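Structure, as structure tokens:
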Amino acid sequence: MTETRPASSITLSTSAFPSPERSGAQVMCEALVREKVEVMFGIPGGAIMPFYHAMWEYRDQLRHVLCRHEQGAGHAAEGYARSTGKTGVCVATSGPGATNLVTPIANAWMDSTPLVAITGQVSSAVLGKDAFQETDITGITLPITKHNYRVTRAADLPSVFHEAFHIARSGRPGPVLIDVTKDAQQARVVPDWNVTLNAPGLPRPAGSGPREAVRQAARLLANASKPLILAGQGVIISGATNELRAFAERTGTPVITTLQGIGAFPEDHPLSIGMPGMHGWVHVNRAIQECDVLLSIGARFDDRVTGKASTFAPRAQVIHIDIDPSEIGKNVKVAVAIIADARLALLALLEETPPRDAALWLGNIRDAQATHQHRQPYLRRPETTELMPHDVYAALNAALNERGGYRVVTDVGQHQMWAAQLIEWRRPRTHITSGGAGTMGFAVPAAMGAAIAHPDETIWAIVGDGGFQMTNQELATIRQEGISNVKIAIVNNGYLGMVRQWQQLFEGKRYSGTPLTGPSFAALAEAYGLRGFTIDRIEQAHETIRCAWDHDGSAVLDFRVEREANVFPLVPPGSSIGEMITREAAHA
């Protein structure tokens, strides 16, 4: 992550401001410019109107994207941040505007996304008096932000904004909220930009970790007969993908990547074996259960990875590299802890770890893969005329890896797991999804944010018909902003599919609240001025994807797939990852 330049090295246009005095709202805009913010996503309202009034004067330096819902604005800022590594910015007014940001703030918190949310607040004279659209947004977001501020004095704005951006992007990234009262935005002040950070509670920037811990980890790995690397999103955040590859190749260690770590290690590499956890492959989960040393880098041992934590990796000595000390030992017992930046820790490990060969162990994993993976029911064409989900992913995978120049944002549900399993991911920040919070409605606005950040790339949003109907109003934003590089693939099965699958497998096929109707999504896209396609046959899939990709504009592709196809493998709730359902009424 890139630190900001000193304030003195940033040139601001002052022709419109003959006096050094500024309104608080102008100070907010200047602070954003100083933090090198280029785009923000939001919706105006009463308590934030002074900021929007000042924004007009900075329109050549700050782009504002008018979203249709504050949740969409927050997710768009997340998509921008996740695809670039920069800090995303979203803006809302007080009351319902601010509370509509709670979901994306929580999502950013769970997924370690650098985000600054700016909200307006009622004037300080009426705080605590239930004024119109007053809500205690700092209290509401306290558990889901790295830090938050309520600013009642314009003079405090320069230091607050500088601290907020530093906190959002430093260490383990995350969301920060700045709530500014309306009178603080309106007050006049001569801003003091000679600010120093006042954040004593922040940990110091992590180095490579204690050298003795690094040496101890190197000794464990050197003596291991069945070593395994578990790579999480921390590898991507720290820019450590090259170091991870170098270390894996030096030691011959097989690599697995978590859902959020997808792209940290290329899946066409001989040492890549796939994704673990609830919907991971059988051979990957079995490798975890058999390994004797597990090196986890930038992963937090989420329950969707571990299954029943007490049974996870029972034979392994665990080495845990993480920049956040609170994650060490939280879910899984650790033999060696290295509290450090992932890249610096890997560089230190490379210095301490001799070359070795784990070919026999890798061969055993590949044998298990050959035994189990081909049994997956959707890896081969069934006897049906229905468009199957795997038909869609085969066509998408072929197009993505033939053309390049893409990023994919997935929503939450069956389609998300199929995408993780069936697309061959090769580059960091090309797979963006909602992980820890599991937020339906994430994909469409997040894809919009990524598209603005990368106008020369094609951004694919893969979404279910349920999640699409939660935030599809942002199609209007895509149209108004002239965004031409978003292609939305709806895997439409007429259900809340993942919930229906659990109802089928664990609740006696009682499909309560899961059958789902919707409009003609292609017609809806056309109504918004976008291109719309409906696909219900396998022979249409490749051609329609090609047509949509080549179309000079954003598009919606409605893939109407088999309604009751399921995602396998599946670890049942409360079970060990060694106990997997691979198809209906069958266990691995």
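Bear in mind the structure is a predicted one, so any value in this text is a computation, not a measurement.
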- Asn493 and Gln414: CA distance, side-chain angles, deciding distance, side-chain hydrogen bond (donor to acceptor under 3.5 Å, both in side chains) verdict: CA-CA 10 Å; Asn493 58 14; Gln414 288 179 311; 3.1 Å; yes
- Minimum-distance pair of heavy atoms, taken over all atoms of Ala164 and Val116: O-CG2, 4.2 Å
- Query: Looking only at atom types and distance, does a side-chain atom of Asp391 sit under 3.5 Å from a main-chain N or O of Met388, one as donor and one as acceptor?
  - Reply: yes
- Task: Determine the interplanar angle of the Tyr495 and Tyr511 rings, folded into 0 to 90°, and report it as parallel if under 30°, tilted if 30 to 60°, perpendicular if over 60°.
- Result: perpendicular
- Item | Rounded distance [0.5 Å steps], CD1 in Ile488 versus CE in Met448 | 10.0 Å
- Item | Minimal non-hydrogen separation, Ala342 against Ile321, with atom names | CA-CG2, 4.3 Å
- Message: With rounding to the nearest 0.5 angstrom, report the OG1 to CD distance, Thr99 to Gln71.
- Response: 11.0 Å
- Identify, with sequence neighbours excluded, every residue that meets side-chain contact (heavy atoms from CB on, under 4.5 Å) alongside Arg315. none
- Item | Arg426/Asp268 ion pair, N-O < 4.0 Å | yes
- Would you say the side chains of Asn485 and Glu457 form a donor-acceptor pair under 3.5 Å? no
- Query: Donor-acceptor pair, Thr430 side chain versus Arg407 backbone, under 3.5 Å?
  - Reply: no
- Item | The single option from Val392, Ile490, Asp465 passing side-chain contact (heavy atoms from CB on, under 4.5 Å) against Val561 | Val392
- Just by modelled atom types, is the Phe247 backbone N or O under 3.5 Å from a matching donor or acceptor in the Thr251 side chain? yes
- If you take all heavy atoms of Ser326 and Asp324, which pair is closest and at what distance? OG-OD1, 2.8 Å
- Query: Would you find a donor on one side and an acceptor on the other, under 3.5 Å apart, between the side chain of Asp341 and the backbone of Arg343?
  - Reply: yes
- Item | From Thr410, Asp411, Thr433, residue fulfilling side chain to side chain donor-acceptor pair (under 3.5 Å) relative to Gln416 | Thr433
- Item | Check: Asn285 side chain, Gly277 main-chain N or O, donor-acceptor pair, under 3.5 Å | yes
- Message: I want to check something: taking the side chain as every heavy atom from C-beta on, are Arg500 and Glu507 in contact at a cut-off of under 4.5 Å?
- Response: no
- Query: Looking at side-chain heavy atoms only, is the closest gap between Ile137 and Leu177 below 4.5 Å?
  - Reply: yes
- Which residues satisfy the salt bridge (Lys or Arg N to Asp or Glu O under 4.0 Å) test with Glu267, sequence neighbours excluded? none
- Query: Is there side-chain contact between Ile545 and Leu557, with at least one heavy-atom pair below 4.5 Å?
  - Reply: yes
- Item | Approximate separation, where rounding is to 0.5 Å, of Asn566 CG and Met498 CE | 9.0 Å
- What's the spacing between Met275 CE and Leu230 CG if we round to 0.5 Å? 12.0 Å
- Could you verify whether a donor N or O on one side chain and an acceptor N or O on the other, from Asn107 and Glu78, lie under 3.5 Å apart? yes
- Query: Of all heavy-atom pairs between Gly85 and Pro114, which one has the smallest distance, and what is that distance?
  - Reply: O-CG, 4.4 Å
- Query: For Lys333, does the NZ atom sit with more than 12 other heavy atoms under 6.0 Å from it, leaving out its own atoms?
  - Reply: no
- Of all the heavy-atom pairs spanning Ala213 and Ala337, show the shortest one and how long it is. CB-O, 3.7 Å
- Message: Please evaluate residues Thr458 and Trp549 with respect to the criterion side-chain hydrogen bond (donor to acceptor under 3.5 Å, both in side chains), reporting the C-alpha separation (whole Å), side-chain torsions for both, the decisive distance (0.1 Å), and the verdict.
- Response: CA-CA 8 Å; Thr458 300; Trp549 201 312; 3.0 Å; yes
- Message: Salt bridge check, Arg300 against Glu327: does any charged N sit closer than 4.0 Å to a carboxylate O?
- Response: no
- Message: Side chains of Gln260 and His431: any donor to acceptor distance under 3.5 Å?
- Response: no
- Query: Do Ile483 and Thr477 have side-chain heavy atoms sitting under 4.5 Å apart?
  - Reply: no
- Task: Would you check if the side chain of Arg429 reaches a backbone N or O of Arg82 as a donor-acceptor pair within less than 3.5 Å?
- Result: yes
- Item | Gap between atom OG1 of Thr582 and atom NE2 of His372 - 0.5 Å precision | 8.5 Å
- Val37/Phe165 under side chain to side chain contact (heavy atoms under 4.5 Å, CB included): CA gap, chis, key distance, verdict: CA-CA 10 Å; Val37 172; Phe165 276 85; 3.6 Å; yes
- Task: Evaluate the criterion side-chain hydrogen bond (donor to acceptor under 3.5 Å, both in side chains) for residue pair Asp179 and Thr119; output intermediate values, then yes/no.
- Result: CA-CA 5 Å; Asp179 191 41; Thr119 55; 2.6 Å; yes
- Item | Evaluation steps, side-chain hydrogen bond (donor to acceptor under 3.5 Å, both in side chains), between Gln503 and Thr514 | CA-CA 9 Å; Gln503 289 173 334; Thr514 47; 2.8 Å; yes
- Measure the CD1-CG distance between Ile297 and Leu244 for me, rounded to the nearest 0.5 Å. 5.5 Å
- Task: Spell out, as yes or no, whether a donor-acceptor pair under 3.5 Å connects the side chain of Gln317 to the backbone of Ala335.
- Result: no
- Message: A side-chain contact here means heavy atoms from C-beta on lying under 4.5 Å apart; do Phe559 and Asn492 qualify?
- Response: no
- If only atom types and distance count, is the side chain of Lys487 paired as donor or acceptor with the main-chain N or O of Ala548 below 3.5 Å? yes
- Message: Would you say that Asn472 contacts Val444 through its side chain, given a criterion of any heavy-atom pair below 4.5 Å between the two side chains?
- Response: no
- Selection residues 432-454 - residue pairs positive for ring-ring contact (aromatic ring centres under 6.0 Å, His included), sequence neighbours left out: His75-Phe442
- Check whether any side-chain heavy atom of Val318 lies under 4.5 Å from a side-chain heavy atom of Val336, and answer yes or no. no
- Message: His320 vs Phe301, test: ring pair (Phe, Tyr, Trp, His ring centres under 6.0 Å). Steps then yes/no.
- Response: CA-CA 10 Å; His320 193 178; Phe301 293 114; 5.0 Å; yes
- Which atom pair, heavy atoms only, marks the closest approach of Ile452 to Phe41? CD1-CE2, 3.6 Å
- Ion pair present between Glu474 and Arg68, side-chain N to carboxylate O less than 4.0 angstrom? no
- Message: What I'd like to find out is whether the side chain of Ser112 reaches to under 4.5 Å of the side chain of Ile237, using heavy atoms alone.
- Response: yes
- Candidate pair Ile577 and Thr306, rule side chain to side chain contact (heavy atoms under 4.5 Å, CB included), full reasoning: CA-CA 7 Å; Ile577 59 170; Thr306 66; 5.7 Å; no
- Task: Anything under 30° is parallel, anything over 60° is perpendicular, the rest tilted; go ahead and classify His147 against Tyr149.
- Result: perpendicular
- Message: For Ile459 and Val409: C-alpha separation, side-chain torsions, deciding distance, then whether side chain to side chain contact (heavy atoms under 4.5 Å, CB included) applies.
- Response: CA-CA 7 Å; Ile459 312 299; Val409 182; 4.2 Å; yes
- Message: Looking at Arg286 and Glu290, is there a salt bridge between them, counting it only when a charged N and a carboxylate O are closer than 4.0 Å?
- Response: no
- Query: Are Lys308 and Glu579 close enough for a salt bridge, meaning some N to O gap below 4.0 Å?
  - Reply: no
